[in-house]
**Q** 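The structure is given below, and queries will be raised subsequently.
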Amino acid sequence: MGKTFLSAFIAMVIAGVVLILSIPPLFEAHQPQQELVVGLSGGLVVVLAVVVLTLRAAGRRTPKEVDVE
């Protein structure tokens, strides 16, 4: 796994956790910026998911090094 893929995946997981934990306060008394937090973290999850899927597909397309003796 490449460092770029791994860092994008970890960032996506963290943004997903923020999104999941910030949704329940939307239905209670909440801070005035709660909608912004949910929207930004949701958008970030989508963008990072596209990056992770693109990197994964690119990694599968590259030929593996084969030891030829």
Side-chain angles (χ1 to χ4, degrees):
M1 253 189 250
K3 291 180 183 179
T4 307
F5 175 80
L6 191 58
S7 61
F9 183 75
I10 290 171
M12 184 184 70
V13 168
I14 292 171
V17 168
V18 169
L19 176 63
I20 289 170
L21 293 178
S22 64
I23 288 177
L26 281 176
F27 303 104
E28 308 171 346
H30 57 276
Q31 300 294 324
Q33 302 298 326
Q34 191 66 35
E35 293 89 4
L36 183 62
V37 170
V38 172
L40 288 177
S41 61
L44 189 61
V45 167
V46 170
V47 169
L48 288 171
V50 169
V51 169
V52 166
L53 289 174
T54 304
L55 289 172
R56 183 175 179 221
R60 286 186 173 194
R61 275 188 246 135
T62 57
K64 306 283 184 204
E65 292 183 15
V66 179
D67 293 329
V68 179
E69 295 181 13

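Model, not experiment: these values are computed from the prediction.
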**Q** When rounded to the nearest 0.5 angstrom, what is the spacing between CE in M12 and CG in L53?
**A**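 Separation between the atoms: 7.5 Å.
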
**Q** Is there a chain of hydrophobic side chains (I, L, V, M, F, W, Y, each step under 4.5 Å between heavy atoms) that links I23 to L36?
**A**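 They do not share one cluster, since no chain of ILVMFWY contacts under 4.5 Å joins I23 to L36.
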
**Q** Going hydrophobic residue to hydrophobic residue with side-chain gaps under 4.5 angstrom, can you get from L19 over to F27?
**A**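 They do share one cluster, since a chain of ILVMFWY contacts under 4.5 Å joins L19 to F27.
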
**Q** Measure across L44 and A15 and return the closest heavy-atom pair with its distance rounded to 0.1 Å.
**A**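 Looks like CD2-CB, 3.9 Å.
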
**Q** Minimum heavy-atom separation for V45 to G16, with atom names?
**A**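 Closest approach of V45 to G16, heavy atoms only: CG2-N, 3.5 Å.
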
**Q** Taking C-beta and beyond as the side chain, do I10 and L6 meet within less than 4.5 Å on heavy atoms?
**A**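 I10 reaches L6 side chain to side chain.
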
**Q** Are V46 and I14 connected in the hydrophobic side-chain network, where two residues link if heavy atoms are under 4.5 Å apart?
**A**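 Per the 4.5 Å side-chain linkage, V46 and I14 are not co-clustered.
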
**Q** If you take all heavy atoms of V18 and S41, which pair is closest and at what distance?
**A**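 In this case the closest contact between V18 and S41 is CG1-CB, 4.0 Å.
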
**Q** Identify whether F9 and L55 are in the same connected component of the hydrophobic contact network (ILVMFWY, side-chain heavy atoms under 4.5 Å).
**A**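 Hydrophobic grouping puts F9 with L55.
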
**Q** Which heavy atom of S22 sits nearest a heavy atom of Q34, and at what distance?
**A**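 Minimum heavy-atom contact is O-NE2, 2.9 Å.
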
